[in-house]
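Both backbone and side-chain heavy atoms feed into the values below; hydrogens, waters and symmetry mates do not. All values derive from a computational prediction rather than experimental measurement. Note that the numbering runs from 1 along the sequence shown for the chain.
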Amino acid sequence: MRFRIAAVLVTTSLILGSCYYQNPIVNTSAGTFPNSYGSGDPMDCKIAASNYGASNVWWGRVSGTFTDPQNDSFKRVSRWACFPNQTQCEFWRSNISSPLEIIRENSCVLGYKV
């Protein structure tokens, strides 16, 4: 019984240890960072504010720095997007801020203020 448990634990750790997680939203290996949502995108704050009302949208803001692997230098980034609910905003905020080494702002607040 102990041998079976140990074998399962070793196998599981080998499988999980070989997995590599790559953030689906952010890929800094190329030295790039996604832009804020722009004109015409549903997460553009002006569009979201007109669709849901400025006081009803969740405004996500993230800023900080990450290392550009192309030239081993720091790049500053500042991104924002608007969402119809807090869950979507928090998901975006968590993903977009994960590769940042220094975080200056990382928030989701109710209401878009121009």
Side-chain angles (χ1 to χ4, degrees):
M1 181 69 174
R2 287 186 200 174
F3 177 74
R4 182 177 281 173
I5 292 172
V8 168
L9 290 175
V10 168
T11 304
T12 304
S13 66
L14 288 173
I15 290 170
L16 292 177
S18 65
C19 294
Y20 172 73
Y21 173 76
Q22 182 172 352
N23 189 321
I25 296 175
V26 179
N27 178 9
T28 58
S29 62
T32 60
F33 208 84
N35 291 324
S36 295
Y37 293 100
S39 179
D41 192 289
M43 289 175 270
D44 176 343
C45 288
K46 290 179 183 174
I47 293 174
S50 70
N51 289 342
Y52 306 106
S55 62
N56 298 320
V57 297
W58 286 86
W59 187 14
R61 295 173 292 191
V62 173
S63 66
T65 58
F66 73 97
T67 302
D68 181 352
Q70 303 296 323
N71 58 13
D72 202 30
S73 65
F74 283 109
K75 279 191 173 179
R76 292 181 187 175
V77 294
S78 179
R79 301 293 184 260
W80 58 90
C82 288
F83 302 89
N85 61 58
Q86 184 179 11
T87 303
Q88 290 177 354
C89 187
E90 295 292 342
F91 176 79
W92 172 84
R93 182 190 61 77
S94 175
N95 279 286
I96 206 83
S97 66
S98 63
L100 296 179
E101 295 164 27
I102 299 171
I103 297 175
R104 290 185 170 74
E105 183 175 18
N106 191 3
S107 65
C108 280
V109 294
L110 182 59
Y112 173 65
K113 296 167 186 64
V114 180

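- Taken together, the cysteine pair C89 and C82 keeps its SG atoms at least 2.5 Å away from each other.
- Taking both residues in full, the closest heavy atoms of R79 and W92 are given as O-CH2, 3.8 Å, listed atom of the first, atom of the second, then distance.
- Taking the side chain as every heavy atom from C-beta outward, S78 and R76 never approach each other to under 4.5 Å.
- For the atom pair CD of E90 and CG of N106, the computed distance is 8.5 Å after rounding to the nearest 0.5 Å.
- Shown here for V57 and A54, the closest heavy-atom pair between the two residues is CG2-O, 3.6 Å.
- With S94 contributing its side chain and F91 its backbone, the two residues share no donor-acceptor pair below 3.5 Å.
- Considering CG of L110 and OG of S55, their distance stands at 7.0 Å, rounded to 0.5 Å.
- Counting all heavy atoms, side chain and backbone alike, F83 lies closest to M43 at CE2-SD, 3.1 Å.
- Aromatic ring pairs are classed by plane angle as parallel below 30°, tilted from 30° to 60° and perpendicular above 60°; the pair Y112 and W59 is perpendicular.
- Annotation: the span from S98 atom OG to R93 atom CZ amounts to 11.0 Å, rounded to 0.5 Å.
- With values rounded to the nearest 0.5 angstrom, S97 atom OG is found 13.5 Å from F66 atom CZ.
- The CG atom of N56 lies 12.0 Å from the CG atom of N85; values are rounded to the nearest 0.5 Å.
- Across all non-hydrogen atoms, the minimal contact from V77 to L100 is CG2-CD2, 3.6 Å.
- Taking the side chain as every heavy atom from C-beta outward, W58 and V109 never approach each other to under 4.5 Å.
- In this structure the side chain of T65 reaches within 4.5 angstrom of the side chain of R104, judged on heavy atoms.
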task: Just do the side-chain contact (heavy atoms from CB on, under 4.5 Å) check on E105 and V62 with the steps written out, would you?
output: CA-CA 5 Å; E105 183 175 18; V62 173; over 6 Å; no

